[in-house]
Amino acid sequence: MASMAALLLVAILAAFHVVAQGRSAAPAHGIGVNYGRVADDIPPPMRSVELLRAVGAGSVKIYDANSSVLRALAGTHMRVSIMVPNEIIPGLAASAAAADRWVAENLVPYYPETRVKYLLVGNELLSDYSIANSTWPRIVPAMENLHMSLRRRRISSVKISTTLAMDALTAGSFPRPPSAAAFRPDIAADVVRPLLRFLNGTNSYYFVDAYPYFVWAGNNDTVPLEYALFQGGGGGRYVDPGTGLTYTNMLDEMLDAVVHAMAKLGYGGVKLGIAETGWPNGGDYEQIGCNVHNAAIYNRNLAARMARNPGTPARPGAKMPVFVFSLYNEDLKPGPGTERHWGLYYANGTAVYPVDLTGARPLWSYPPLPPPENDTPYKGPVWCVLADRGGEKLNETAVVDALAYACGQGNGTCDAIQPGRECFRPNTTAAHASYAFNSYWQQLRKTGATCYFNNLAEETTKDPSHGSCKFHSSLD
């Protein structure tokens, strides 16, 4: 019996290998990948396309209309999504000629050899309140001008939309029950309803950025991890009292919340797409559950689920475009550590973990994953210091600038490194920077400060205090 099972395993893996090897000759039909490039030394576009193929990606989304990337995708048959930058949307809304010029310069030269499928007008625009007056009312007019340009050129296969975060809903990412969800009153009537009218009239998609990780991380005392990772069990079921629908995973709840919110504005039939989803493979010490194990489980289960059973309880069987975030760990993204750890690949092009985005590979056939080490909150002390670059030469100018910034933001942040004070020695830029970074972070992190400093800092659990020089910790 054991030998028969082994032979069966070999046969299945061999068949999977044949399918995988055939990807270079035929288009993959897996879910898509967000190809962000906010990183040092990531592979060039042609190699990036090879890496997309290697994981079975059926589509790719980029955050601009980069010519090198679009040329590299020519002839691949992958469905491609390109994005209009946020800052030019008012100009495109004000001028049909400007919109036509943008299409002529950024889409037409690559189409149809590059299979552009979606043109996304801006990224999470309704999350940025600083552009409420300048841009929100102009989203749909810009889309209309771009649509007219495409129609004039007889390009009917490209759908126009935009991407919105879950904070477009009144309760944000966790509006339980989903049937109670509604759009925020500041955008519902004047921005979202015209958007839905446009999407409905052009048979396009409402694209949402939906991250169960953030819901679970903020509610891990009430939301089981298995529920967020599509694993069921462990109490991972929820029944919406308003509809009677049963949910077995967090993503479905989030998507149906959007569906119910759209219905309340009279457009319950607009199609839904997922512009971003995923799970971080690393992060800061105080960020729970961000590890390779959970990231692999989430994306593997997502791909298998979308291949086997697309749709949601409110829309069973409804197929939707889905894009995982992201292709690479992007080390130049600011913010908390999770921002730099969503990739399927490290910046050097090696896989963070094996995954088949077609959903064809049996989940049991993957090799063992490293065990998760931070699925419960870290309760020890944490400090923020100058990052250890493994002998790489210190960028003195950048560190001095960051040091000056840290010292200028807080209240007495750098008093202890002044001449004659307890942390003045050793009198080096590196030592002073570590003290300043930590002092700034400990003082201001509760108001949103991060241990980043343009990729110069890192968190540590090793106390950097020395002699009479005391570094305050996160527990002080």
Side-chain angles (χ1 to χ4, degrees), residues 29-34 55-58 166 173-178 208-220 222-240 245-259 272-281 288-326 338 342-344 352-372 374-375:
H29 297 289
I31 59 178
V33 177
N34 283 276
V55 293
M166 288 293 296
S173 294
F174 195 27
R176 184 174 272 190
V208 61
D209 293 349
Y211 287 99
Y213 167 75
F214 291 116
V215 176
W216 171 77
N219 304 273
N220 59 85
T222 58
V223 177
L225 178 59
E226 295 82 4
Y227 187 71
L229 294 174
F230 301 98
Q231 290 182 305
R237 298 175 75 83
Y238 174 74
V239 178
D240 187 324
L245 295 173
T246 298
Y247 292 86
T248 59
N249 66 81
M250 192 71 245
L251 181 65
D252 279 355
E253 275 198 55
M254 299 171 77
L255 297 178
D256 276 357
V258 176
V259 169
L272 198 60
I274 303 175
E276 292 182 12
T277 192
W279 197 280
N281 58 59
I288 185 174
C290 47
N291 54 63
V292 170
H293 184 279
N294 291 345
I297 295 297
Y298 182 86
N299 284 331
R300 290 170 184 175
N301 284 337
L302 173 71
R305 178 270 166 86
M306 289 300 172
R308 180 181 67 252
N309 182 31
T312 66
R315 291 181 172 181
K319 294 183 178 180
M320 68 185 88
V322 178
F323 295 89
V324 169
F325 190 85
S326 59
T338 49
W342 295 88
L344 303 178
V352 178
Y353 49 83
V355 64
D356 168 35
L357 296 183
T358 71
R361 181 170 181 174
L363 297 176
W364 52 262
S365 71
Y366 286 104
L369 289 163
N374 61 349
D375 284 353

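Atom set for the values below is all heavy atoms of this structure, side chains included, hydrogens, waters and symmetry mates excluded.
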Does any N or O in the side chain of [X] come within less than 3.5 Å of the main-chain N or O of [Y], such that one atom is a donor and the other an acceptor?
| X | Y | value |
| --- | --- | --- |
| Asp356 | Ala360 | yes |
| Trp279 | Gly289 | yes |
| Asn249 | Tyr227 | no |
| Asn301 | Leu229 | yes |
| Asn291 | Asn294 | yes |
| Asn299 | Gly278 | no |

Are [X] and [Y] packed together at the side-chain level, in the sense that at least one heavy-atom pair is separated by less than 4.5 angstrom?
| X | Y | answer |
| --- | --- | --- |
| Leu255 | Met320 | yes |
| Ser173 | Tyr211 | no |
| Asn374 | Cys290 | yes |
| Asp252 | Arg305 | yes |

Side chain to side chain contact (heavy atoms under 4.5 Å, CB included) between Leu251 and Ile274, worked out: CA-CA 10 Å; Leu251 181 65; Ile274 303 175; 4.0 Å; yes

Taking every non-hydrogen atom, the tightest pair across Tyr353 and Leu344: OH-CD2, 3.4 Å

Might you point out which heavy atoms bring Trp216 and Val223 nearest each other, and give the distance in Å? CD1-O, 3.1 Å

Once rounded to the nearest 0.5 Å, what's the spacing between atom CD of Glu253 and atom CZ of Phe174? 6.0 Å

